Each structure stands twice: as structure tokens, then as C-alpha cells.
Amino acid sequence: MTDATLRSLPTAAPTSAAPPRRDIGLKRRYGAERRFKAYGIAAVGTGLFFLCWLLYTVISQGYTAFWQTEIRLPITFAANIVDPRGTGNPDMATLQRANYPKLAQDAIVAKLGIDPADRGAARDAAALVSANVRAELRDVVASDLTLIGKTQEVWILANSVVDSGVKGQFDLSVEESRRPLNDRQLGYIQQLEQDGALEQRFNWGLFTFGNSSRAEAAGLGVALIGSAWMMLIVLVVSLPIGVAASIYLEEFAPKNKFTDFIEVNINNLAAVPSIVYGLLGLAVFINYMSLPRSSALVGGLVLSLMTLPTIIIATRAALKAVPPSIRAAALGLGASKNQMVFHHVLPLAMPGILTGTIIGLAHALGETAPLLLIGMVAFVADYPATPLDASTALPVQIYMWANEAERAFVERSSGAIIVLLIFLALMNFFAIILRRRFERRW
Amino acid sequence: MTKSLLAGLALGTAFILSAPAYAQTAEPIQIAGSSTVLPYANIVAENFGEVYPDFPTPIVESGGTGGGFTQFCQGVGSNTIDIANASRPISANEKKACATAGVTDIQEVKFGYDGIVFASAASGPDFALTPEQVFKAMAAKIVVDGKVVDNPNTTWKQVDASLPDQPIQAFIPAENHGTREVFEVKLLEAGCEASGALEGFKASGMDEDAADDACIQVRGGNFTTDIAGDYTETLARISASPQGIGVFGLAFYEQNQDKLKVATISGVTPSVETVASGEYPVSRPLFFYVKKAHIGVVPGLAEFVSFFLDEQMIGPDGPLAAYGLVPAPDAEREEFRKSFEAGTTIGL
């Protein structure tokens, strides 16, 4: 700028009558500013574009997963099938073994008006009903034993190929042998739809069922519980340790080579690939401490280790942001160092600490790689009763469903991504609210 | 603020404790290994959980055949897996690792077959391939007029006049898959021999090993792409470039017939029937390996294996065949069951 001013001075001064205008490079500087803004907008725009793309693909593929085709059938709980010994009060084992698919087949054959002697037609009709009917009808009978011998309308899950077909996820125009539903079955579906006996209802099962190889009966229940257990463990383990470590390092520890060394290590650990923590967890928690494989406890501990550096770094930053005047005032009024930290500094740093913790938790919630080696990338059908039981996690469930061959799992993996994104958004939103409400500015 | 935090924690805990009553109690059977066997193991595990309510549903991990054996051979005890799924037999190195860790009594269980197919986009032309054509299209070096040359073919039509006039682009399983070995042995090696390239390689001065290696050397570049992920990735690649042709498991193809068209090999259309009869050449057996030391210790392990091998599972009308498993012939299935009951272990 100085160069430009010097050069412009002698030429402008003598000739013009108007007061000389110094060329201070306004145009160039405004130009630079405009360009910089344009780069910024381009950068944000690119980011937004990809975000929208991601959301569009996930939501357009996944929203159908929240609705599930079900068939309403008048099921006759024939006593000779449900309670073959005629006790009138069958035990659980008898109920467990009863031939429920037969009940469903009889019901659908009667409903569609098929001649039961036409085995092929009966088989095609029965194939419309999910194999999960066994568990569904068992639960219905088990909850009300008086149903035995009576007929009751029950909504039961349709087979996943019916569901995908109704939702238009199969190309039904290709020749019959190339699609999973034949023409006769399509006719049945139409007939049931016209009767109002086949419709898409809200898919509660997506949130309550465990994993299943039958797409229509596969749900996130076990994954949600597993993720919840792990988040609780991460919170309980890494928050106290992380906060204690950072308070000591920030407020009490002398500044020397040793603490510098620790600081470098913590920053390093925050950048270590997460699979390394999985290896560590396998070696320490499973092989050395003999904790059960695939359990939420081991998963939670591994994720705690992974989250610790994030929490320590966030906590130290929050503590540093508390002005020294607060400390000086507290000490000046006769508070001990301990009182100064716990009565004054820590409460003021709390919003920052919690924000850091929630962001760390959100990171841990979306992590799959460390869980691979401790056996949590697994097919788990039963609910875990305690953190010591085998369970799985939300992102793991997405990964497993994404690798399935059946078409119905495509929408389910996208549906699970939507659920995970909602959880992550809620956590980050909560972090922002905490910061807004409790943050102090000096 | 502390109050709201506590309330949140209480809510979270309540949510967790509200888990349904039919939860796990005893130690479940733990299974890991091949992603090809995974869906079959899932189906059996799920049915097992329903039929035997006294035992918890087995836990089935993915991780590939190699990964499964690594875990399997870590030792004997409650924190090690009980069953390793495999899409190929256990290798000598893996046996050694098992023996070192004290896993000495291993029962090998074969339960069926899997066909490997070539499939292309349903909208594209039909492919009728032979191993020889596959070799000529995908090998790095072929023999033309008695001379070893870098593969000059760029379109299928150049390989053989009967094939469609479209560029060669194949998506094949990467080395980490058990499927790759089947692809190499049954297609590339067979094609190498049939086309006379093996003789040509040897005639050009290569020794036996070098000639064998040259047979299974694929060209890479735009012609062949290794897929390290699952078949879903191969399908996505074919959807993106409809001129491509990909290697799939028969079961995967059968689930996606509206999007894929299968290629015949040597004139035989792959199907459960043609693979079972041995007419279709590219198939392999599927296995799982059981730790004998865990039988009787892990509740339900013996029952699970028997249930897996039961006619209602691996039989031609069972759910595994419905998913795409190629059932073994009747006599062979009987043999699988007998061999497990006899407790025969593999030699280490």
C-alpha cells in the first residue's frame, strides 16, 4: 500500500483542480474481500450440497422403513394345535412348539377363498405371511390363554418380499421367474388390499425387535439398548477420570518436561485410529481381565478409553477459559487451592466440560471399528439383560444390514441411519443449548 | 442444571432396565467367520433360539474366514468362540496356530455348497462364458500364436465372436475373500489349461510355479477391479457401470434377480439344481469348525450343531436352501451328520 501511495502522489497533485485523491488501493482491497467471501460461500455451499445429498439419499431410501406391510387375519387358535394334550392350561414349552404357521396358513387360505386341496395355491398364499408368525401368535396366546379354541382378528407381519413389492422396491414388470412374487401372489395381494386386510402400518418393530435374518422382523431393539448401555458406561467411566485428570494437569501440576510429555501424549491419543483401541480392548479386557466377549461392558470400556482424550482436551480448554482474576480473588479471600478449584473454577468451566463430553459421547455413539475386534459386530437376537450380555450397537446394525442380500434390508439400513442421525443431532443440539444457557462471557 | 442432568440419567437408566423379560441368561454359543456363511448361520441361530427356548440364541460375528480362524485359534475357554464359519477348508498355518494355542480337538463340519456366478446388469446383453473366455478376457498375459503377450483384448467380442461387443470390465472378489480362490482355481486355472496357455507359458521358458502364477495373474486397470467389500458393493458397482460383469454368490444373485442377469458357464445356467448335480462347474463346499473341548461345556453347543445339520435346516426344503444354499445330496447330508456324531477330529 505504501508503494502505491508514494507513486500516486506526484502525478495527482499539480494538474487537477480538485483535491488530490490518494490511491489507497480501495478497489483491490474490496476485490480481495469479495473474493474471500466468495471462497467462503463456495466452501460452505459445497459442504451443504454434500450434506443435502447425503440426507436426500438416506431419507428417500429410508423413510419407508418406518412403515411395514401387515395382514389382518382371523386366526382360529385351534385347540388341537395350540394345546394338543387338551390340558386347557398349556405350559410355555407346549406353547413354544405349537405349529403356528399352520394356523396362519389356514387363516389366509380361508380368507382368500382358496380350495385347501390346491397345495400350490395354498403354499403361495402362506408364503405371503412372515415366518415370524410363530413368535407373534405365541405371544398373543401366551398373553391370553382364553383365546384357545376361539377366533380372533390379528394383524401379522407380511413377508419382506410382499413388503418390498407393495412399496415398489422390486421391478414387478420383469418376467415372472425373475421376481420373488409370482402373478398369483400379486393377485392375492391385490385381493387382500381391496378387502382392507393388507395395509402399511407404523413399524414399531423397527424399534423393539432384535436382529433377525427375516427382514420384516429385524429391528434395532438390541442395538438401541446396547448403545444406551455403552453411553452410560462411557459417561460414568470417562467423565470423572477425564475431569479429574484435567483439573490436576491444569490447576495443580507443575509445568515441567514430564507434564509436557503427558500433554503431547494426550493430544496424540486423540488422533489414534479407533481400531487401535479395539485391539487394546481385546488384549486387556477380554484376554487379560476375562470380561465376556461381545458385551456392552467391554464395548463401553473401549469407547471410554477412546473418548477420554477428547474429554480431557475439552475440559482443559474450559478450565483455561476461566479468567485468572477469579482464582486470584478466591485465593485473596483466603480460600484454599482446593476450595478455589471446586467452588469457583470448576462450576464456571462446567458448561464447557459438558459440551465437550456430549461431543465425545456423540463420537463414541457413531463408532464401529473398535467394536469389530471385541466381537460386537455380530448377529444378536436376544435382548441383553445386563451389560455383561452380548449386544450390538446402532452403527454396527447399520453395517450388518447394509451387507445383507435381501432388498428389504436396503430401506432398513437407511432407516437405521436416520435413527442414528436423529440421536446424534439431539445430542449436539443439547450440547449447544447447554453452552448457550450456562456459558459466561468475560 | 444438576437436577435436569440427574433426571436425564434416571430416564436413560429406566429405558435400559425396561428391556423385555426374555433376555439372555446363560452364556450363548459364539460363532465367527466367513461372511458367505454368516446369513446361513444367522438363520439357524434364529430358529435354534425359537425351537430351544432354554438356550440363548447364538451370537454370530462376521469378519471373514481368516478372521474367524484367528479368533478360533486363540485358545480354549469361556471367552473364546465356539464355532468358526469358513468358506474354505482350514489351512496348514491356521492348524498350526490352533495347535500352539491348545485348540487341538477340532471337528470339521461340512453343511452344503455355494455356487459362484458371473452376473451383469439385467438390462444388458446375455453372456454365455467358458473358463477359457474368462481367462482370455481377464488374465494379465495370454498366449497368442505360441507367443506370450500382454493381454490385447479390450472388448468381449475380441475374446470370442459369440460374445457381446462391449468393453471388458469385471468386478472380482479381492484376495481377502474365500471366493477369490474358487474363482482362480475353477475359472482362471481351468481356462488357462483349456486355452493351452499353460503349455505356452512353460514353452516360453517359465518353470512350473511361474506358469501357474501367470495363469491366475489378473490384468487390473479398467479391465478387472478387486472388490474387497461384500457383494452389495459389487452390485452397486454394476448399477453404476452397467457394462460391467461381477462375481457373486448364487444366493445373492437369486435375491436380486430383478437387477441382475446371470451368465452361463460352459452352457450351464447356474441354479441350485445344476450346482447340486455338479453340472455347473464353479462351486465350493461351506464349512464350520467346532471346538470339541467346548461340547458339553457351552450349553446347547451339541444341540446347535445337530440342529444345523438337521434335515429341516440343510435339507432341500429347509430355510437355508430357500435362501440360496445348495444342499448336498441325500447320502452326503447323512454322512455330515454321522461324522459329527462320531466326533471325528481333523489331524493337526
Side-chain angles (χ1 to χ4, degrees), chain A residues 92-93 96-97 131 134-135 170-172 174 177-180 208 210-214 217 221 224-225 228-229 231-232 235 286-287 290-294 350-351 354 372 375-387 389-391 399-400 402-407 410 430 434 437-438, chain B residues 1 5 8-9 12-13 15-16 19-25 27-28 30-32 35 38-39 41-43 45-46 49-51 53-54 56-63 71 74-75 77-81 122 229-233 235 249 251-259 261 319 323-324:
Chain A
M92 204 52 207
Q96 195 89 31
R97 297 229 161 79
R134 184 181 285 279
F170 277 115
D171 185 359
L172 294 173
V174 297
S177 60
R178 302 185 66 84
R179 53 182 146 88
T208 57
N211 198 6
S212 169
S213 53
R214 305 163 189 136
L224 286 171
I225 300 284
W229 275 125
M231 289 303 103
L232 197 69
L235 195 66
I286 295 181
N287 290 349
S290 297
L291 294 174
R293 271 184 78 81
S294 309
M350 215 56 197
L354 289 182
L372 185 71
M376 288 191 78
V377 178
F379 175 87
V380 183
D382 292 346
Y383 268 90
T386 69
D389 288 328
S391 70
Y399 170 74
M400 302 222 28
N403 286 334
E404 291 274 358
E406 284 133 301
R407 195 61 47 81
V410 174
F430 191 59
L434 271 183
R437 273 196 66 184
F438 299 103
Chain B
M1 190 186 72
L5 197 76
L9 272 182
T13 323
F15 170 64
I16 292 169
Y22 50 90
Q24 306 163 10
T25 40
E27 184 200 337
Q30 299 212 312
I31 307 171
S35 51
L38 179 77
N42 286 353
I43 293 171
E46 198 173 2
E50 283 173 3
V51 175
D54 302 341
T57 309
I59 310 294
V60 192
E61 291 173 36
S62 183
Q71 292 189 18
Q74 258 168 11
S78 67
N79 266 337
T80 57
I81 61 168
D230 276 277
Y231 294 136
T232 36
E233 188 188 340
L235 178 63
F252 189 92
Y253 157 71
E254 293 203 327
Q255 300 282 349
N256 290 282
Q257 285 191 63
D258 61 326
K259 287 189 175 173
K261 185 183 270 183
Y323 187 88

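Just so it is clear: chains get the letters A, B, ... in the order the sequence lines come, proteins before strands, and each one is counted from 1. Treat the numbers as computed from the prediction; the structure is a model and nothing was measured.
Across A:V410, A:V174, A:L291, A:N211, the residue that shares the most heavy-atom pairs under 4.5 angstrom with chain B is A:L291. Ranking A:R214, A:E404, A:M376 against chain B, the residue ahead of the rest is A:R214, based on heavy-atom pairs under 4.5 Å. The choice from A:R437, A:R179, A:R134, A:R407 that makes the most heavy-atom pairs within less than 4.5 Å of chain B is A:R407. Taking B:K261, B:E254, B:E50 one by one and counting their heavy-atom pairs under 4.5 Å with chain A, the maximum is reached by B:E50. When the candidates A:S212, A:S294, A:P180 are compared by the number of heavy-atom contacts under 4.5 Å with chain B, A:S212 comes out ahead.
With a 4.5 angstrom heavy-atom cutoff, A:M400 touches chain B only via side-chain atoms. Looking at B:E233, there are no atoms closer than 4.5 Å to chain A (heavy atoms on both sides), in backbone or side chain. Contact annotation for A:A131: neither backbone nor side-chain heavy atoms come within less than 4.5 Å of a heavy atom of chain B. When heavy atoms are compared at a cutoff of 4.5 Å, B:I31 does not approach chain A at all. B:Q74 touches chain A through its side chain: at least one heavy atom from C-beta onward sits under 4.5 Å away, while N, CA, C and O do not. For a residue to count as touching a neighbouring chain, one of its non-hydrogen atoms must lie under 4.5 Å from one of that chain's; by this rule B:F252 touches chain A with backbone and side chain alike. Only the backbone of B:P58 comes within contact range of chain A, with at least one heavy atom under 4.5 Å from a heavy atom of that chain. B:Q30 touches chain A through its side chain: at least one heavy atom from C-beta onward sits under 4.5 Å away, while N, CA, C and O do not.
B:D258 places no side-chain N or O within donor-acceptor distance of the main-chain N or O of A:L172, the cut-off being under 3.5 Å. Of the possible donor and acceptor atoms, none in the side chain of B:N42 sits under 3.5 Å from a partner among the backbone N and O of A:S213. With B:N79 contributing its side chain and A:S290 its backbone, the two residues share a donor-acceptor pair below 3.5 Å.
A:F170 meets the ring pair (Phe, Tyr, Trp, His ring centres under 6.0 Å) test with no other residue; sequence neighbours excluded. Listed by chain and residue number, nothing satisfies the ring pair (Phe, Tyr, Trp, His ring centres under 6.0 Å) test with B:Y253 (two or more places apart in sequence, or in another chain).
Here the shortest heavy-atom pairing between A:A378 and B:E61 reads CB-CG, 3.5 Å. Summarising the geometry of A:A381 relative to B:T57, their closest heavy-atom pair is CB-CG2, 3.8 Å, with the distance given to 0.1 Å.
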List the steps, then state whether side-chain contact (heavy atoms from CB on, under 4.5 Å) holds for A:R293 with B:I59.
CA-CA 10 Å; A:R293 271 184 78 81; B:I59 310 294; over 6 Å; no

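To the nearest 0.5 Å, atom OG1 of residue B:T80 and atom CG of residue A:N287 are 9.5 Å apart.
The 12-atom threshold is exceeded at OH of B:Y323, counting heavy atoms of other residues, nucleotides or ligands nearer than 6.0 Å.
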